[in-house]
Amino acid sequence: MKLISVTFFLYILLGFSSNVHAIDPVYTPFLSDKAIRGYDTVAYFTKGKAVKGNKSFATEYKGATWLFESQSHLDLFVAEPEKYAPQYGGYCAYAVAQNTTASIKPELFTIHEDKLYLNFNKSINDEWTNNKESFIEQADKNWPKILNK
């Protein structure tokens with residue numbers, strides 16, 4: 001009877017642990033639902049820089065809350081979210097190229113061929129910038145399969 005109880009306990013534990021490690025389709029920091037750590041994804045395209053969003057201009061998309069600095073940016077995103085959302089769900093693009101995920105720093109970004117890529121730290125961003133075409137090719141192969149790891 002104890003063997004059955006222990007086996008059942010391990011089965012339940014393993015079942016829950018696989019759910020604990022599920023990767024959300026959009027990166028949000030621990031204990032937050034804010035995409036891009038609350039930065040305005042449209043501003044990367046319109047201003048060429050990272051700009052903090054405002055809670056007054058928010059929308060939900062793919063299970064995350066997206067903040068914008070203005071109503072016009074919110075409207076642009078709602079009309080074409082795939083155009084403005086970062087690649088790979090906003091996870092570190094370099095990490096996705098390595099077949100894993102990592103958090104990001106919103107200030108470390110690249111726009112390449114009208115797509116937004118975010119990265120983890122300055123040295124990773126520098127490496128990404130120097131070889132982005134190769135990394136994009138590899139990351140595109142890994143995404144979205146990486147979500148189901």
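Sequence positions, counted from 1, serve as the residue numbers for this chain.
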side-chain contact (heavy atoms from CB on, under 4.5 Å) between D24 and Y91, worked out = CA-CA 10 Å; D24 292 328; Y91 290 93; 4.0 Å; yes
Applying salt bridge (Lys or Arg N to Asp or Glu O under 4.0 Å), run through E107 and R37 and close with a yes or a no.
-> CA-CA 10 Å; E107 302 83 6; R37 298 187 179 272; over 6 Å; no
Test side-chain hydrogen bond (donor to acceptor under 3.5 Å, both in side chains) applied to D75 and Q71, step by step | CA-CA 6 Å; D75 293 343; Q71 184 65 49; 2.7 Å; yes
Kindly indicate, with the supporting measurements, whether the criterion side-chain contact (heavy atoms from CB on, under 4.5 Å) is fulfilled by L116 and Q87.
-> CA-CA 6 Å; L116 173 61; Q87 299 302 293; 5.8 Å; no
Residue pair N54, F68: steps toward the side-chain contact (heavy atoms from CB on, under 4.5 Å) verdict | CA-CA 5 Å; N54 182 320; F68 303 90; over 6 Å; no
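Here the straight-line distance linking atom NE2 of H73 with atom CG of L76 works out to 6.5 Å at 0.5 Å rounding. For the atom pair OH (Y84) and CH2 (W66), the distance works out to 13.5 Å, reported to the nearest 0.5 Å. Atoms OG and CG, on S56 and L67 in that order, are 9.5 Å from each other to the nearest 0.5 Å. To the nearest 0.5 Å, atom OH of residue Y27 and atom OG of residue S103 are 4.0 Å apart. The NZ atom of K105 sits 10.5 Å away from atom OH of Y39, with the distance rounded to the nearest 0.5 Å. Between K132 atom NZ and E113 atom CD the span is 9.5 Å, to the nearest 0.5 Å.
Surrounding CG of D114 are at most 12 heavy atoms belonging to other residues, nucleotides or ligands under 6.0 Å away. More than 12 heavy atoms of other shown residues, nucleotides or ligands fall within 6.0 angstrom of atom CZ in F77.
Nearest heavy-atom pair across V26 and A64 is CG1-CB, 3.7 Å. W128 approaches N119 most closely through the heavy-atom pair CG-ND2, 3.2 Å. Here the closest heavy-atom approach between residue G90 and residue P86 is recorded as CA-CG, 3.6 Å. Nearest approach of G48 to F109, heavy atoms of both residues: O-CZ, 3.4 Å. Scanning both residues, I136 and H112, for their nearest heavy atoms gives CD1-CD2, 3.6 Å. Contact record, A95 with T101: CB-C, 3.8 Å, taken as the closest heavy-atom pair.
Within the 4.5 Å cutoff, the side chain of I111 has heavy atoms near those of the Y44 side chain.
Each of T28, D33, T59 was scored for a side-chain hydrogen bond (donor to acceptor under 3.5 Å, both in side chains) with T65, with one residue passing: D33. Tested against L108, the residues D126, T129, L118, N125 include a single side chain to side chain contact (heavy atoms under 4.5 Å, CB included) partner, N125. Of the options I36, T41, V51, a side chain to side chain contact (heavy atoms under 4.5 Å, CB included) to P106 is made by I36 and by none of the others. The side chain to side chain contact (heavy atoms under 4.5 Å, CB included) test with Y117 singles out one residue from Y88, Y94, F135, and that residue is Y88.
Between the side chain of S32 and the backbone N or O of K34, at least one donor-acceptor pair lies under 3.5 Å. No donor-acceptor distance shorter than 3.5 angstrom exists from the side chain of K141 to the backbone of E137, with no hydrogens or angles considered.
Ion pairing between a basic and an acidic side chain is recognised when a charged N comes within 4.0 Å of a carboxylate O; E69 and K47 show such pairing.
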